[in-house]
Amino acid sequence: MVVANRLPVDFTVDDDGGVSWQRSPGGLVTALEPVMQKADGAWVGWSGAPDLAHEPFEADDMLLVPVTLSRSEIERYYEGFSNDTLWPLYHDVISPPTYHRQWWDAYRRVNQRFAEAAAAQAAEGGVVWVHDYQLQLVPKMLRDLRPDLRIGFFDHIPFPPVELFQQLPWRKQIVEGLLGADLVGFQRGGDASNFVRAVRRLTEHTTRGPIISITNEAGGPGRHVRAAAFPISIDSQRFDQLARQPEIQARAKEIRTDLGDPDVMMLGVDRLDYTKGIRHRIKAYGELLQDGRLDVEHATLVQVASPSRENVGAYQDLREHVEILVGRINGEFGELGHSAIHYLHHSYPAEEMAALYLAADVMLVTSLRDGMNLVAKEYIAARSDEQGVLVLSEFTGAADELAPGPLLVNPHDIDGMKDIIAAAATMDPREQRRRMRRLRRKVMADDVSKWSESFLGVLTAMPHRTTYV
Ligand code: F6P
């Protein structure tokens, strides 16, 4: 069973009250859907709409179990505590986190509801895999309800250093919540070590390397919890195959023609999120035009910024800043028939994304902090032609995995980033091939099904409820 904030479908309620659903986007869905279809399992999650109560139903060979959230719970648990407290705190406080007790109460209440829904569905002795920062209390709540279960947790975003984490007024409850799991997985080794340090600093439990020993205050048997890195991958075969299709290749050519056949097409693809370094990237690009190192007749930047968390103030501010910056650069440097930046505030299906990846000479991933960054991996998977250059921020989980191969940048260093972008724009095709081959060896071997198999393999091999003295 999977427990995640979102179900892999979005519901729409039409005017006459009828409910329909469609697949919802996002890396987690891509990562887990194939595993769940094979496992004949259930997926507990929120429908994405307020106040929508729905019976469990079958979709795409999975049993989907919707959890209902009221409008106020969406505001406090999802937009508030998850995305205006935890999200900025876990991403190096790029934006200041907000701490509200009412948000915390809603977070606890909603986590309890998810735990109860999972407890009601799970088979005796079953395996439950809980996902991400929205549900960090679920492992303990679920263990209290169903001690027979084997429970795994995977954190898709960074886990911060304890010096930042300890700002959180409810830091101990979050750590204890996670320790309800048998296995706590992270994107990078550094995230797992940050978590183990937080356990040492904030609790009485003892640790030995990646193993945390939980003492039972009632004097009963204790347990061991393992914290380890399981870097997530993508459905690499899907992007590889999509990009080999003649229609997608024709679409990639058409995109370049529509852009005025530039010598260099650069591409950024992100959720419109302040962690992604979109402003830093656009600033660097604008300065390259200003300095005359790039010009709009020969180069263009396509920035896909998909709408995200639009009710959260920091996201509204970011949108305004990005759009003002794009407008200014286009006004200053654009010419008839040659825009400096093509800014697209939309989401696109995988087919269009594959065509964009194939069309792009340079892929810019300049996050200020990113758990992994799957876009970087999708770009590589789509490039079976072994061309294209990946510019990748040092502050992504992907950089830990993929270097050497990408051109690494520190997005805070605008001058350094300008030099790297300029080098990417003029990289010799043989050097591109050498780097892309190396990147593809890694990405094509690491399919997402291997990621979930490896996590579930470790979880199910762990001795259950180990007794120790
Ligand atoms: O990266 C964390 C994550 O929660 C993903 O699982 C998800 O695809 C993405 O952020 C978008 O989040 P939201 O559910 O808030 O739209």
Side-chain angles (χ1 to χ4, degrees), residues 2-11 22-33 36 43-50 66-67 69 73-92 94-95 103 107 110-111 114 129-136 138 153-160 185-188 191 230-235 269-277 304-316 318-319 345-348 350 353 365 367-378 395-398 448 451-452 455:
V2 163
V3 187
N5 178 51
R6 283 184 192 271
L7 284 174
V9 292
D10 271 338
F11 289 83
Q22 58 192 45
R23 286 174 50 94
S24 59
L28 181 58
V29 176
T30 315
L32 291 172
E33 203 175 41
M36 292 303 291
W43 185 312
V44 175
W46 168 45
S47 63
V67 170
L69 297 186
E73 284 167 342
I74 294 171
E75 276 168 30
R76 293 174 181 189
Y77 147 79
Y78 170 70
E79 291 161 358
F81 200 79
S82 297
N83 289 319
D84 211 7
T85 304
L86 295 173
W87 181 269
L89 178 65
Y90 283 31
H91 288 87
D92 289 357
I94 296 165
S95 167
W103 291 1
Y107 185 81
V110 170
N111 270 242
F114 274 83
W129 192 358
V130 185
H131 287 266
D132 229 352
Y133 63 102
Q134 302 95 345
L135 299 177
Q136 293 172 101
V138 169
F153 180 91
F154 187 77
D155 177 24
H156 290 254
I157 69 172
F159 195 88
F186 298 90
Q187 299 280 22
R188 301 172 313 141
D191 297 317
F230 296 86
I232 198 168
S233 195
I234 56 159
D235 191 351
V269 174
D270 311 85
R271 270 186 316 102
L272 188 47
D273 192 301
Y274 50 80
T275 59
K276 303 292 182 183
V304 176
S306 51
S308 185
R309 305 173 188 167
E310 291 184 294
N311 292 328
V312 179
Y315 289 74
Q316 293 165 349
L318 173 74
R319 180 171 179 192
H345 186 238
H346 310 288
S347 300
Y348 291 98
M353 293 314 306
V365 177
S367 315
L368 305 175
R369 174 57 73 197
D370 215 328
M372 174 53 64
N373 196 285
L374 300 178
V375 164
K377 293 188 174 184
E378 287 175 3
F395 302 112
T396 58
V448 69
W451 167 76
S452 38
F455 183 93

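Counting starts at 1 for both ligands and their atoms, following the listed order. Quick note: numbers below take in every heavy atom, side chains included, and nothing from hydrogens, waters or symmetry partners.
- Judged purely by atom type and a 3.5 angstrom limit, Ser308 has no side-chain atom pairing as donor or acceptor with the backbone of Leu272.
- When the heavy atoms of Asp132, Asn5, Asn373 are ranked by distance to atom 6 (O) of ligand 1, first place goes to Asp132.
- No side-chain donor from either of Tyr315 and Asp84 sits under 3.5 Å from a side-chain acceptor of the other.
- Judged by the shortest distance from any of its heavy atoms, Gln134 lies inside the 4.0 Å radius around the atoms of ligand 1.
- The closest non-hydrogen atom to atom 12 (O) of ligand 1, taken over Arg6, Arg309, Glu79, Gln187, comes from Arg309.
- Short contacts between ligand 1 and Arg271, defined as distances under 4.0 Å to a heavy atom of the residue, involve ligand atoms 9 (C), 11 (C).
- Listed by number with element, the atoms of ligand 1 under 4.0 angstrom from any heavy atom of Tyr133 are 4 (O).
- Under a 3.5 Å cut-off, the side chain of Gln187 and the backbone N or O of Pro158 do not form any donor-acceptor pair.
- A salt bridge does not link Asp273 with Lys276: none of the charged nitrogens is closer than 4.0 Å to a carboxylate oxygen.
- Taking any N or O of Tyr78, backbone or side chain, at least one lies under 3.5 Å from an N or O belonging to ligand 1.
- Using modelled atom types, one finds a donor on one side chain and an acceptor on the other under 3.5 Å when comparing Arg6 with Tyr78.
- At a 3.5 angstrom cut-off on N or O pairs, His156 does not count as close to ligand 1.
- Between the side chain of Asp191 and the backbone N or O of Gly185 there is no donor-acceptor pair closer than 3.5 Å.
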